[in-house]
Amino acid sequence: MSVNGGEFGGLAGIGVETVCGIAGIVTRQGSPDRDLLSRMAGRMVHRGPDEEGLHVGPGVGLAFRRLRIIDLHTGSQPQTNEDGQVRVVFNGEIYNHRELRERLQARGHTFRSQSDTEVLVHLWEDHGPDLVRELNGMFAFAIWDERRRQLFVARDRLGIKPLLWTEIEHGLAFASELGCLLEVDGGERGVDSVALHQYLSWGAAPAPRTLLQGVQRLEPGHSLTWQDGSVSVNRYWHPLESGSEPPASYAEGKRRLRELLEDSVRLRRVSDVPLGAFLSGGVDSTAIVGALSATASDVRTFSIGFTDDPVFDETRWARDAAAFHATRHTEESLTAEDIRALIPEVLDLMDEPFGSSSLLPAFAVARETRRHVTVALSGDGADELFAGYNKYLGDFYLQWYGRIPASIRRSLIAPAVNALPVSRDSRLGEFGRKARRFLEGVEGDAAERHDRWMRFASAAEVSALLGEPVSNPGLENVRALHRDWAAHGGGDPLNRALFTDLSLALPTDMLLKVDHASMLNSLEVRVPFLDHR
């Protein structure tokens, strides 16, 4: 697919930089070892197969792997400000960088490249840590200020791009992937028992924990500052503090939503390399493809099917959507054996355990997509914004179920549900599976219900796996978010559940899955629904 300036009305040429991999070390003594930094970068060649960049100086070492997307000839990193006193390594895209560039140039800043990365060093000069508030994008970046001897690290508002860090002797190390940090101390770290419990319960441990003791994942919407051995982590964005006014009417809400989504897709279609979109045929991906097709010709779309499991096979809907929007559609079908064959390959590539089985088909569709394009748009994030999961019906059904006398629930309903078949290959079996899942989660308060409905394994099963009675640390994550919701004046149960998943399940599971699946195939994925606006 061609997405040059002629086809996209001259949008290419001044555009977003790239999705890559970053790493670095800061220290109070001497300079970091250059070979160590190169090994850290080498751990993530898949994130940036096109180029490596290193900088080593007194107290700092920065490493970078690049996947070229835009500004193919002058976008190398680390990049600096005019006098070389501020350096940055950047993973992601700043979609409003052209407006920022114009403003910065008007204030007298000089640019050497056309990449979005360079706006960061000049924004730092003008705004310091508050520069993150100016950005619309997905990002994880690190800025080294030579004059202040200060490192500033930030992650995007919703956690699209990853960033991990750990304190080391005399300093701090950070990276896009856990494996890079294993190079720093040879992996001589114990397992975080709380994170292990969360992994066995949910398939992944939510930030700031990782499975390794002492290694932390920077939380979405947070920044970190290191100076002279002192570390501070601060939150710069909260989804309940956006300041936007609700629409005056349903019609006004629809109009504003359409305008925001179309503008978000417009910002994310800029590329000097082939671009396409994932298409399942569902509402989310079809809306993205529709907005993309309205302003671009020869749109490429990609979907995956499951020949052994018609319940999960959505290819017929994807074909209908592709035909409606006149896209050039590519479809890959997988058998159960194909999925099984992926397991050792994906495990060999992963640098940390990840329990969601959907990683396997996500990896397969990313691999097929990468054969044709370098950038793909995705509908991820919409379920957490618009209640796309069946679990959100749980509290709705509970309004009626709770009115049934407890004796009848125990003596009649529970035995009847437990007698139903449980499978995914028939409507009755699927109903039985969902009904049992509902009954497992109805007891307890709202936080307990939410925790049960998002689990892969129950607390009892986790205790059996670990061979000892354990508490449920994941429940406290949910409770903390429910307290946060209440502190911001929230009362609606559905929006409380959406806020909880936007803050917890989305970055912990969905976005981590997309990042792993895409980056292991050197594919950049953009998510228009997660424009913070």
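Note that this is a predicted model, so its numbers are computed, not measured. Just so you know, residue 1 is the first one in the sequence shown, and it goes up from there.
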### Least distance between heavy atoms, Pro361 atom then Ile304 atom
O-CD1, 3.6 Å

### Query
Hey, are the side chains of Pro220 and Arg155 touching, using non-hydrogen atoms and a 4.5 Å cut-off?
yes

### Query
According to the interplanar angle, ranging from 0 to 90°, do the rings of Phe152 and Trp124 count as parallel (below 30°), tilted (30 to 60°) or perpendicular (above 60°)?
tilted

### Query
Is any side-chain N of the basic residue among Glu177 and Arg47 closer than 4.0 Å to the acidic one's carboxylate O?
yes

### Task
Dump the intermediate steps for side chain to side chain donor-acceptor pair (under 3.5 Å) on His488 and Asp484, then the final yes or no.
CA-CA 6 Å; His488 284 81; Asp484 194 6; 3.0 Å; yes

### Task
Hey, could you give me the CG/CG distance between Leu100 and Leu135, rounded to the nearest 0.5 Å?
6.5 Å

Side-chain donor/acceptor pairs under 3.5 Å, residues 499-506, sequence neighbours excluded:
from: Thr500; atom 1: OG1; to: His482; atom 2: NE2; distance (Å): 3.4
from: Thr500; atom 1: OG1; to: Arg496; atom 2: O; distance (Å): 2.8
from: Asp501; atom 1: OD1; to: Lys391; atom 2: NZ; distance (Å): 3.3
from: Asp501; atom 1: OD1; to: His450; atom 2: NE2; distance (Å): 2.8
from: Asp501; atom 1: OD2; to: Lys391; atom 2: NZ; distance (Å): 2.8
from: Asp501; atom 1: OD2; to: Tyr392; atom 2: OH; distance (Å): 2.6
from: Ser503; atom 1: OG; to: Phe499; atom 2: O; distance (Å): 2.9

### Message
Looking at every non-hydrogen atom in both residues, tell me the closest pair between Arg449 and Gly444 and how far apart they are.
### Response
NH1-O, 3.1 Å

### Query
What is the minimum heavy-atom distance between Leu385 and Phe529, and which atoms define it?
CD1-O, 3.4 Å

### Residues in salt bridge (charged side-chain N to carboxylate O under 4.0 Å, His left out) contact with Glu241, at least two apart in sequence or another chain
none

### Query
Are Leu163 and Ile22 close enough that some pair of their side-chain heavy atoms sits under 4.5 Å apart?
yes

### Summary
Shortest non-hydrogen pair, Ser176 vs Pro162, comes out as O-CG, 3.5 Å

### Lys NZ or Arg CZ of Arg268 over Tyr95 ring: under 6.0 Å, within 45°
yes

### Query
Does Ser356 use its side chain to pair, donor to acceptor, with the backbone of Gly203 at less than 3.5 Å?
no

### Message
Apply side chain to side chain donor-acceptor pair (under 3.5 Å) to residues Thr295 and Arg269 and explain how you reach the verdict.
### Response
CA-CA 10 Å; Thr295 55; Arg269 75 186 189 199; 2.6 Å; yes

### Query
Under 6.0 Å from the CZ atom of Phe431, do we count more than 12 heavy atoms belonging to anything else shown?
no

### Query
Any side-chain heavy atom of Glu314 sitting closer than 4.5 Å to one from Ser303?
no

### Pairing residues for Phe302 by the ring-ring contact (aromatic ring centres under 6.0 Å, His included) criterion, not counting sequence neighbours
His372

### Message
Is there a side-chain contact (heavy atoms from CB on, under 4.5 Å) between Leu530 and Leu511? Walk through the geometry before answering.
### Response
CA-CA 11 Å; Leu530 295 185; Leu511 293 178; 3.7 Å; yes

### Pairs flagged by salt bridge (charged side-chain N to carboxylate O under 4.0 Å, His left out) wherever residues 214-239 is involved - sequence neighbours left out
Arg217-Glu352

### Query
Just how far is it from atom CD1 of Ile404 to atom CD1 of Ile413, taken to the nearest 0.5 Å?
3.5 Å

### Task
Could you tell me whether Tyr401 atom OH has more than 12 heavy atoms of other residues or ligands within 6.0 Å of it?
yes

### Query
CH2 of Trp237: more than 12 outside heavy atoms within 6.0 angstrom?
yes

### Task
State, with a plain yes or no, whether a side-chain heavy atom of Phe363 is found less than 4.5 Å away from one of Lys513.
no

### Message
How long is the straight-line distance from CG of Leu151 back to OG1 of Thr225, given to the nearest 0.5 Å?
### Response
8.0 Å

### Task
State, with a plain yes or no, whether a side-chain heavy atom of Ile339 is found less than 4.5 Å away from one of Phe306.
yes

### Contact summary for Ala204 and Thr508, nearest pair of heavy atoms
CB-O, 3.5 Å

### Residue list, side-chain contact (heavy atoms from CB on, under 4.5 Å) with Ala486, at least two apart or on another chain
none

List the atom pairs, with distances to 0.1 Å, where a side-chain N or O of residues 375-382 and a protein N or O form a donor-acceptor pair under 3.5 Å, not counting sequence neighbours.
from: Ser378; atom 1: OG; to: Asp380; atom 2: N; distance (Å): 3.2
from: Ser378; atom 1: OG; to: Asp380; atom 2: OD2; distance (Å): 2.4

### Task
Please identify each residue that fulfils salt bridge (charged side-chain N to carboxylate O under 4.0 Å, His left out) with Glu476, with sequence neighbours left out.
Arg483

### Pairwise side-chain contact, Leu131 with His122, heavy-atom cut-off 4.5 Å (strictly under)
no

### Query
Between Arg255 and Glu259, is the closest basic N to carboxylate O distance under 4.0 Å?
yes

### Spatial distance of atom CG (Leu123) from atom CG (Asp130) [nearest 0.5 Å]
11.0 Å

### Task
Mind jotting down which residue pairs meet the side chain to side chain donor-acceptor pair (under 3.5 Å) criterion with at least one end in residues 281-293? Sequence neighbours excluded, please.
Ser280-Ser285

#### Entry: NZ/NE/NH1/NH2 to OD/OE distance under 4.0 Å, Asp451 and Arg455
yes

### Query
What pairs with Phe396 under ring-ring contact (aromatic ring centres under 6.0 Å, His included), at least two apart in sequence or on another chain?
Trp400

### Message
Would you say that Thr166 contacts Val184 through its side chain, given a criterion of any heavy-atom pair below 4.5 Å between the two side chains?
### Response
no

### Task
Could you walk me through whether Gln198 and Asn477 pass the side-chain contact (heavy atoms from CB on, under 4.5 Å) test, one step at a time?
CA-CA 10 Å; Gln198 294 170 327; Asn477 291 77; 2.9 Å; yes

### Task
Sequence neighbours left out, what passes ring-ring contact (aromatic ring centres under 6.0 Å, His included) with Phe174? Give chain and number order.
none

### Task
Compare every heavy atom of His197 with every heavy atom of Ser201, then report the nearest pair and how far apart it is.
OG-O, 2.8 Å

### Which residues share a side-chain contact (heavy atoms from CB on, under 4.5 Å) with Gln213, sequence neighbours left out
Asp192

### Task
Evaluate the criterion side-chain contact (heavy atoms from CB on, under 4.5 Å) for residue pair Leu349 and His46; output intermediate values, then yes/no.
CA-CA 9 Å; Leu349 291 169; His46 49 273; 5.9 Å; no

### Query
Heavy atoms, side chains only, cut-off 4.5 Å: are Gln216 and Val233 in contact?
no

### Query
With no hydrogens and no angle check, is any side-chain donor or acceptor of Ser264 less than 3.5 Å from a backbone partner on Pro528?
yes

### Query
Is there a donor-acceptor pair closer than 3.5 Å between any side-chain N or O of Asn91 and the backbone N or O of Gly21?
no

#### Entry: Reported NE2-to-CD distance for the pair His97 and Glu99, which is rounded to 0.5 angstrom
8.0 Å

#### Entry: Set of side-chain contact (heavy atoms from CB on, under 4.5 Å) partners for Ser357, sequence neighbours left out
none

### Task
Apply the test side-chain contact (heavy atoms from CB on, under 4.5 Å) to residues Lys161 and Phe139: give CA-CA distance (whole Å), side-chain angles for both, the deciding distance (0.1 Å), then the verdict.
CA-CA 6 Å; Lys161 304 313 299 178; Phe139 52 82; 5.5 Å; no

### Task
Give a yes or no answer on whether the side chain of Asn96 reaches the backbone of Asn136 with a donor-acceptor pair at less than 3.5 Å.
yes

